[in-house]
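The chains referred to below are lettered A, B, ... by the order of the sequence lines, with proteins before strands, and numbering in each begins at 1.
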There are 2 protein chains.
Amino acid sequence: MQIGELAKQAGCPVETVRYYEREGLLHAAVRNESNNYRQYNLSHLDRLTFIRRCRSLDMTHGEIWALLDARQQPDASCESINELIDTHLLHVQARMTELRALEGQLIDLRSQCHAARATRDCGILRELDHPGDTAWRSPALTHSHVSGSHSSSDAHNHGEKQK
Amino acid sequence: MQIGELAKQAGCPVETVRYYEREGLLHAAVRNESNNYRQYNLSHLDRLTFIRRCRSLDMTHGEIWALLDARQQPDASCESINELIDTHLLHVQARMTELRALEGQLIDLRSQCHAARATRDCGILRELDHPGDTAWRSPALTHSHVSGSHSSSDAHNHGEKQK
DNA sequence: GAACACCCTAAAGTAACTACAGGGTCAAGC
DNA sequence: GCTTGACCCTGTAGTTACTTTAGGGTGTTC
């Protein structure tokens, strides 16, 4: 099958497949001699699906490498796999704890201003300018490897009006 | 004051201060004519502290720009500020929902293997290879702008043993 | 005058993609 | 035979918010 079909089956963009090949995560495909198109088989789909499943669990490529390596050694102990999952779970939980704290701070902050008033009187800016005793100071910037709150599609334009 | 002192007061690395200046987030400092060192005053510290406080709330630079802009217009309505905080709060909450789902999946996954056995028999790999009915298919990859679970200090080495 | 803490710039690296430029391939329809 | 459109290719740059590295000047102290 061609790359488009593979990507469709795995539910990911074609560019991501090529990217995984460049990274070595996915084995290089055989090429069709006449047109240089990549030709894939079911074992590629298998591996890609595995990778995507791990990514949907928010694992890093490093973690996925470790799992793929482990898969290659069916006789070895699976202890490292268990540890990897445990560690990753801790990361996820740590990030949730951070986000819970953040949520609390944002709710506090939002409660400073309910009406639309003049900016000079806005309780939110006032609070950001001169925080009260609401336990500020970077809640838990010891980021744990599950990252922030912003998707890559967030706009980051300043000044110019939105189109 | 010099950059080192400013950074210390704001609790951030010196490089970050220079980076903010390059980005325009922080106004360029006056330079000492004799040695070209940056010289800061309290208003710089004020603005930097504001920025860092917003960052500790996981806002993007775009969001911070919006708040800084709003601060410049004390007579305008603060409605956009309220909306910004509301939207950001939704991002944070959306990410928490995603992570909760992730946590559930990881706990399920982990429960597939308790003992250290041969990799070929590991329930975790088995599950990753051929997922059961545990409601797979990328839980909520509609990332909401508060990102994943991995800190930048996470190692991503493959193959070579850890030093 | 050497050591050491501090400052400077410019460029590259980080994670995991995504997007873009510029171009070839192939099947269908006119 | 030619165009249209869907698909494929490579290579490079952009994304976010920094961090790191390389290479070098400044200022104070011993």
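- The pair B/D58-A/R95 counts as a salt bridge, with a side-chain nitrogen and a carboxylate oxygen less than 4.0 angstrom apart.
- Applying the salt bridge (charged side-chain N to carboxylate O under 4.0 Å, His left out) test to A/D46 and every residue at least two apart in sequence or in another chain returns nothing.
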Exercise for review: Take A/M96 and A/H91 through the test side-chain contact (heavy atoms from CB on, under 4.5 Å) and record every step on the way to the result.
Suggested key: CA-CA 9 Å; A/M96 281 182 57; A/H91 286 154; over 6 Å; no
Check your understanding: Which letter, B, S or -, goes with each nucleotide of nucleotides 3-9 of chain C from 5' to 3', with contact meaning a protein heavy atom under 4.0 Å?
Key -> ---BSSB
Point to revise | CA sep, side-chain torsions, deciding dist, call: A/E79, A/E83, side-chain contact (heavy atoms from CB on, under 4.5 Å) | key: CA-CA 6 Å; A/E79 218 181 325; A/E83 275 171 21; 3.9 Å; yes
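- Taking atom CG on A/N32 and atom C1' on D/dC7, their separation rounds to 13 Å, with Å as the unit.
- Summarising the geometry, the separation between CG on A/L6 and C1' on D/dC9 is reported as 16 Å, rounded to the nearest angstrom.
- As a whole-Å value, the separation of B/M59 CE from D/dC18 C1' is 19 Å.
- An OP1 or OP2 oxygen of D/dT19 is reached within less than 4.0 angstrom by a side-chain nitrogen or oxygen of B/T16.
- Nearest-nucleotide mapping onto DNA chain C: of A/S34 and B/R22, the residue sitting toward the 5' end is B/R22.
- In the helix from C/dG1-D/dC30 to C/dC30-D/dG1, the rotation axis of the first five pairs and that of the last five pairs differ in direction by 30°, rounded to 10 degrees.
- Side-chain contact check for A/E103 and B/Q93: at least one donor-acceptor pair (N or O, by modelled atom type) lies under 3.5 Å.
- Side-chain contact between B/L102 and B/L99 is present, with heavy atoms from C-beta onward closer than 4.5 Å.
- Considering only heavy atoms from C-beta on, A/R55 comes within 4.5 Å of A/Y20 through its side chain.
- If you find the closest nucleotide of DNA chain D to B/E15 and to B/Y19, the one lying nearer the 5' end belongs to B/Y19.
- Below 30°, between 30° and 60°, or above 60°: for A/Y19 and A/H61 the angle between ring planes is between 30° and 60°, a tilted geometry.
- Atom-to-atom, CG of A/D58 to C1' of C/dA15 comes out at 12 Å; the value is rounded to the nearest Å.
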